[in-house]
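Presented below is the structure to which this report refers.
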Amino acid sequence: MGSSDYITPSYEATRSATVFPMTDAQTPKIVMAIPPSRPGVDEGTGVVLETKPKTKRPPLYKVLLLNDDYTPMAFVVHVLERFFGMTHAQAFEVMLTVHKKGVAVVGVFSHEIAETKVGQVMDFARRHQHPLQCTMEKE
Ligand code: TYC
């Protein structure tokens, strides 16, 4: 019997063969020992913040058409049909309202759409050399 028969196996040999038979990839990992925090939950601070989710709707803007003494009625009717999707009858009615009362709301839109409509009307009127005015205001 040689002296090597009594030599204790190395630490690494014992660990890999007997005590820890799993490879590193097989070894289960502790992923989360602490539950995830949620808004409004006191985690020992004594402070609980607002928990209700805030879902504010975006503000809306009225697009207004203003009367003047020079823009032809037919041009205004055309503008209302072209840029505000009105039928001829609707457009004529709204044009008459502006003519009699001085101003009327011709549509309600998001800020971006209202801005676009105002720009389109002002540009179209200017190109045809009419003084027609169109503005927007927050509802
Ligand atoms: N007052 C104009 C006219 O008599 C018609 C008009 C209507 C002009 C509406 C502008 O937004 C307007 N020719």
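Numbering of ligands and ligand atoms starts at 1, following listing order. Heavy-atom basis, side chains included; hydrogens, waters and symmetry copies ignored.
Environment of CD in Glu93: sparse, with no more than 12 heavy atoms of neighbouring residues, nucleotides or ligands closer than 6.0 Å.
The existence of a salt bridge linking Glu137 and Lys62 is confirmed by a sub-4.0 Å separation between a basic side-chain nitrogen and an acidic carboxylate oxygen.
Looking at His111, Lys138, Glu139 one by one, the single match for side chain to side chain contact (heavy atoms under 4.5 Å, CB included) with Pro59 turns out to be Lys138.
Aromatic ring orientation, Phe75 versus His128: tilted (interplanar angle from 30° to 60°).
Protein residues lining ligand 1, listed by chain and number: Leu65, Leu66, Asn67, Asp68, Thr71, Met73, Val76, Met95, Val98, His99, Leu132 [non-hydrogen atoms, distance under 4.0 Å].
Close placement of the Phe124 and His78 rings is indicated, their centers lying within 6.0 Å of each other.
Shown here are the salt bridge (Lys or Arg N to Asp or Glu O under 4.0 Å) partners of Arg82, two or more places apart in sequence or in another chain: there are none.
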